[in-house]
Structures are given as structure tokens and as C-alpha cells.
Student: 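Could you have a look at this structure, given as C-alpha cells, before my questions?
Note that this is a predicted model, so its numbers are computed, not measured. Numbers here simply count residues along the sequence, with the first being 1.
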Amino acid sequence: MKKFLITISIIAFIFVAVGYFIGDYFVTFALKRTDNSPPQATANIADPSLIAPDQPDFQNEIWTVQSFDGLNLYATHFFPNNDSHKWAILVHGYGRDQTFAFDYAEEYLKQGYNVLTPDLRASGTSDGIYLTMGVLESEDIEVWAEQIVERDPQAKIVLHGVSMGAATVLMASALDIKNLCAVVEDCGYTTAYEMFTGQLKIIFGLPEFPIMNFVNMVSKIETGVAVSDAAPILSVPNSKVPTLFIHGDKDTLVPFEMLDRLYNASNAPVKEKFVVEGAGHADSKRNDPPKYFERVFEFIDRYTD
């Protein structure tokens, strides 16, 4: 009996050790920033042809805040040409930084919005080692919103995020963010767990079980947040503001069917869908910019004018 228990203990130890090794590899691959470079998986997931746009030619200043867990976070505040209480926080996607939101910023500025483009944690100039796929990022967005309200108590705030940024603003929509008026999410996922499961099969040809179980375990240990916690589908039932859901019907990274699942789960007081035909992942704006922004401003201006 004693030998049996020892054998079982050894097997269990080996299983846990191997599981941790596997989980650590994929957490590093998908979530860890190294030498200020985005996670390795960015090369497999992000569009290599996409180049960061030029910075908008508007007056700007750098803002900095500290996150709840002590990270120094940075953002750029762009001023519109005329004084305004309308504000937009534009949230970049996975493996990117705030510069990839500059073309969106340009359009918001032309419409008279103050614009804040944060570098999310573990991205750009902000501190941090690990991405959490929107979980802690959404709390950081709440801090940025607080900074806006401190400077402009009459602020009317819109959140607009793309991809991981969309997941971030969807999770933020369930928080008690003062002066938040509307949310625009563009190609957000239901859960990061589901999205990574799909990519695990595409990139590595590996099944969900037991790999994703190991990833979930290790991500909780190393980042404080399990991958399964990045679940906008569980946040949107508590959405507190009008929400516009945007998705390209040719999206293969975040499957198009996730749009309806998020939309149907949402209890936002007002919700609308905007499907962009022929657009792939994060390509809805690039597919037809005038139509894209016409639809966005038609929605959000109802709540900020």
C-alpha cells in the first residue's frame, strides 16, 4: 500500500510539473512581453501589413496614472480645436499600442471629441509584463475615466475598443464608471479562452484538453488572472450604457458568430449591431472608413450631444 501511494504521488508530481511547464510555455508565448516587445503570438495573430498611422496633428499632452497594482500607465490626450465636454477613450488591440488608435483618434477629434489613447498595461510605454486579455485592463480604463472626470466634471465619456480593446471596453461597461455614456466594441471575443483554444488548434494543431487547463492554471499563478476570467460574455449582462456591437462577417480570428452571442447576452439599455460585409478581423474601419465612422457617430452622438 505504501509503495502504491508513493507511486501515485510521483505520478501526480510529474503530471503537475509537466503541466506547469506546458502552461508556462503557452502563457509566455501568448501573454508575456519580453524586452518591451509584444508576446510572441503577435506574429501569428496580428496582421503584419498593418502599419501604425501618423499621430494626429492636434495639440496633445502626455498623461500618466498608477494602476491599482502599482504599474505606471501612460496615455496621450489630444485636444479638439474647440473646447468640448465630449471625450473618447480609444483602446488598442492585442500586441499593439496606442499608436494603432491614432487614425480612430483623428476622426473623433474632427467631430469635436477630446481623445485619450492609453497604452494598455504591458504595452507601449506603460509598465507591466503580462497581458490579461481585458480583465485588469478594464480596471485601468476605469482609472483613466476617473482622471478625465477630475479634469472635466461635465465630461461625457465614450469607450471605443478594437479586438482585445473591444473585450476590455465590454468588461468596463459593467463597472460603475462615472460619466460613461456609451461603448463601441469592434470585433470583441466572447471569451479569451475560446479564442485561444481556436488558435491553439490552428497554430499548433493541439486540442483544448489538457493544454488549456494548464494554461488557465499557470496564467492564474503568474498574472493573477486566469485566461478564463477574460470573459466579456459574462460582463455584458451587467452592461450599464448603450452599446454598439461591430463585427466583420469574414473574421476568422474572432469568429463572426461571437457577435450574436455577445449581443444577445447584453442587457445594455440600448444595443445595436453593425455588420461589415467582407471585413476580416479588425478590418471593419479599413474596409469603408466613411461608412464606419458615420455609423459610429450616429450612435454615440445621441448620448454625448
Side-chain angles (χ1 to χ4, degrees), residues 46-47 49-63 74-81 84 86-120 123-126 134 137-138 140-141 144-145 148 155-170 172-173 180-188 241-248 251 253-254 272 274 276 279-304:
D47 181 353
S49 69
L50 189 61
I51 300 172
D54 293 334
Q55 180 171 298
D57 187 19
F58 286 78
Q59 180 186 351
N60 63 82
E61 62 185 2
I62 302 300
W63 285 14
Y74 295 88
T76 304
H77 168 218
F78 293 95
F79 297 82
N81 288 330
S84 171
K86 299 195 296 186
W87 288 78
I89 303 178
L90 307 182
V91 189
H92 66 78
Y94 176 87
R96 303 300 193 186
D97 59 35
Q98 64 168 299
T99 63
F100 285 88
F102 282 172
D103 47 353
Y104 294 81
E106 182 88 26
E107 298 302 321
Y108 272 90
L109 287 159
K110 290 177 182 177
Q111 295 296 320
Y113 282 78
N114 288 275
V115 173
L116 196 69
T117 55
D119 278 329
L120 296 177
S123 303
T125 54
S126 291
E137 290 85 352
S138 63
D140 297 338
I141 294 302
W144 285 120
I148 290 173
K156 296 179 178 180
I157 302 172
V158 171
L159 305 181
H160 186 152
V162 179
S163 190
M164 189 184 84
T168 298
V169 301
L170 283 175
S173 74
L180 180 61
C181 295
V183 165
V184 178
E185 77 85 20
D186 184 341
C187 65
V241 295
T243 304
L244 176 62
F245 295 81
I246 303 174
H247 220 108
D251 193 334
L253 178 60
V254 177
E272 294 182 10
F274 174 33
V276 181
H281 184 67
D283 264 350
S284 292
K285 183 268 296 177
R286 188 163 52 165
N287 193 64
D288 188 344
K291 183 177 180 181
Y292 182 91
F293 286 110
E294 178 184 2
R295 187 69 180 83
V296 166
F297 291 117
E298 187 276 330
F299 182 81
I300 64 175
D301 284 349
R302 298 178 217 162
Y303 311 105
T304 58

Student: Using the rule side-chain contact (heavy atoms from CB on, under 4.5 Å), only one of Ile148, Ile141, Ile157, Val91 pairs with Leu116; which is it?
Tutor: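 The option that passes is Ile148.
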Student: Could you check whether any side-chain heavy atom of Leu120 comes within less than 4.5 Å of a side-chain heavy atom of Met164, counting everything from C-beta outward?
Tutor: yes
Student: Quick one: are Thr168 and Leu159 in side-chain contact, heavy atoms under 4.5 Å?
Tutor: no
Student: Does Asn114 form a side chain to side chain contact (heavy atoms under 4.5 Å, CB included) with Phe79? I'd like the steps, not just the answer.
Tutor: CA-CA 5 Å; Asn114 288 275; Phe79 297 82; 4.3 Å; yes
Student: Where is the tightest heavy-atom contact between His247 and Gly188, given as atom of each residue plus distance?
Tutor: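 That would be CE1-O, 3.8 Å.
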Student: Shortest non-hydrogen contact from Pro118 to Ala75?
Tutor: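 For Pro118 and Ala75, the tightest heavy-atom pair comes out as CA-CB, 3.5 Å.
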Student: Sequence neighbours excluded, which residues qualify as side-chain hydrogen bond (donor to acceptor under 3.5 Å, both in side chains) partners of Ser123?
Tutor: none
Student: Atom CG of Asp140 and atom OG of Ser126: how far apart are they, to the nearest 0.5 Å?
Tutor: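 The CG atom of Asp140 sits 8.0 Å away from the OG atom of Ser126.
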Student: Decide yes or no for Val276 and Ile246: does some side-chain heavy atom of the first lie under 4.5 Å from some side-chain heavy atom of the second?
Tutor: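 Heavy-atom side-chain distance check passes, below 4.5 Å.
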Student: Going by distance alone, is a donor N or O of one side chain under 3.5 Å from an acceptor N or O of the other, for Asp119 and Thr125?
Tutor: yes
Student: Please give me the minimum heavy-atom distance between Thr99 and Pro53, naming the atom from each residue.
Tutor: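 Scanning both residues, the minimum pair turns out to be O-CD, 3.2 Å.
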Student: Output, in order, the C-alpha distance, side-chain angles, deciding distance and verdict of side chain to side chain contact (heavy atoms under 4.5 Å, CB included) for Thr76 and Ile62.
Tutor: CA-CA 5 Å; Thr76 304; Ile62 302 300; 3.6 Å; yes
Student: Atom CG in Asn60, atom CZ in Phe102: separation rounded to 0.5 Å?
Tutor: 8.0 Å
Student: Glu106: what forms a salt bridge (charged side-chain N to carboxylate O under 4.0 Å, His left out) with it, not counting sequence neighbours?
Tutor: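 For Glu106, no residue satisfies salt bridge (charged side-chain N to carboxylate O under 4.0 Å, His left out) once neighbours in sequence are set aside.
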Student: Should we say atom CD1 of Ile51 is surrounded by more than 12 heavy atoms from elsewhere, each under 6.0 Å from it?
Tutor: no
Student: First locate atom CZ of Phe100, then atom OH of Tyr94, and finally report the distance between them rounded to the nearest 0.5 Å.
Tutor: 14.0 Å
Student: Just verifying a value: how many Å separate Ser173 OG and Leu180 CG, rounded to the nearest 0.5 Å?
Tutor: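 If I round to the nearest 0.5 Å, the distance is 8.0 Å.
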Student: Not counting sequence neighbours, which residues clear salt bridge (charged side-chain N to carboxylate O under 4.0 Å, His left out) with Lys156? List them please.
Tutor: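 Lys156 satisfies salt bridge (charged side-chain N to carboxylate O under 4.0 Å, His left out) with no other residue.
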Student: Search all heavy atoms of Val162 against all heavy atoms of Ala282 and return the closest pair with its distance.
Tutor: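 Heavy atoms only, the tightest pair is CG1-CB, 3.7 Å.
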Student: Quick check: do Val115 and Phe58 have side-chain heavy atoms less than 4.5 Å from each other?
Tutor: no
Student: Which residue in the set Tyr108, Trp87, Tyr303 passes side-chain contact (heavy atoms from CB on, under 4.5 Å) when paired with Val158?
Tutor: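 Checked Tyr108, Trp87, Tyr303 against Val158; only one passes side-chain contact (heavy atoms from CB on, under 4.5 Å): Tyr108.
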Student: If the condition is side-chain hydrogen bond (donor to acceptor under 3.5 Å, both in side chains), which residues does Ser84 pass it with, not counting sequence neighbours?
Tutor: none
Student: So, do Lys86 and Ile300 sit near enough that their side-chain heavy atoms are less than 4.5 Å apart?
Tutor: no
Student: Give a yes-or-no answer on whether the side chains of Asp97 and His92 include a donor-acceptor pair shorter than 3.5 Å.
Tutor: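 No, no side-chain donor-acceptor pair sits under 3.5 Å.
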Student: Determine, stepwise, if the pair Glu107 / Val296 fulfils side chain to side chain contact (heavy atoms under 4.5 Å, CB included).
Tutor: CA-CA 10 Å; Glu107 298 302 321; Val296 166; over 6 Å; no
Student: Any idea which heavy atoms bring Leu109 and Pro80 closest together, and the distance?
Tutor: CD2-N, 3.8 Å
Student: Roughly how far, to the nearest 0.5 Å, is OH of Tyr104 from CG of Leu90?
Tutor: 9.5 Å
Student: Less than 3.5 Å apart, which donor and acceptor atoms pair up between the side chains of residues 286-295 and the rest of the protein, not counting sequence neighbours?
Tutor:
from: Arg286; atom 1: NE; to: Asp283; atom 2: OD1; distance (Å): 3.1
from: Arg286; atom 1: NH2; to: Asp47; atom 2: OD2; distance (Å): 2.9
from: Arg286; atom 1: NH2; to: Asp283; atom 2: OD1; distance (Å): 2.7
from: Asp288; atom 1: OD1; to: Lys291; atom 2: N; distance (Å): 3.4
from: Tyr292; atom 1: OH; to: His160; atom 2: NE2; distance (Å): 3.0
from: Tyr292; atom 1: OH; to: Asp186; atom 2: OD2; distance (Å): 2.6
from: Arg295; atom 1: NH1; to: Glu272; atom 2: OE1; distance (Å): 3.2
from: Arg295; atom 1: NH1; to: Glu298; atom 2: OE1; distance (Å): 3.2
from: Arg295; atom 1: NH2; to: Glu272; atom 2: OE1; distance (Å): 2.6

Student: Which heavy atom of Cys181 sits nearest to which heavy atom of Pro242, and what is that distance?
Tutor: O-CD, 3.3 Å
Student: side-chain hydrogen bond (donor to acceptor under 3.5 Å, both in side chains) with Glu137: which residues, sequence neighbours excluded?
Tutor: Thr132
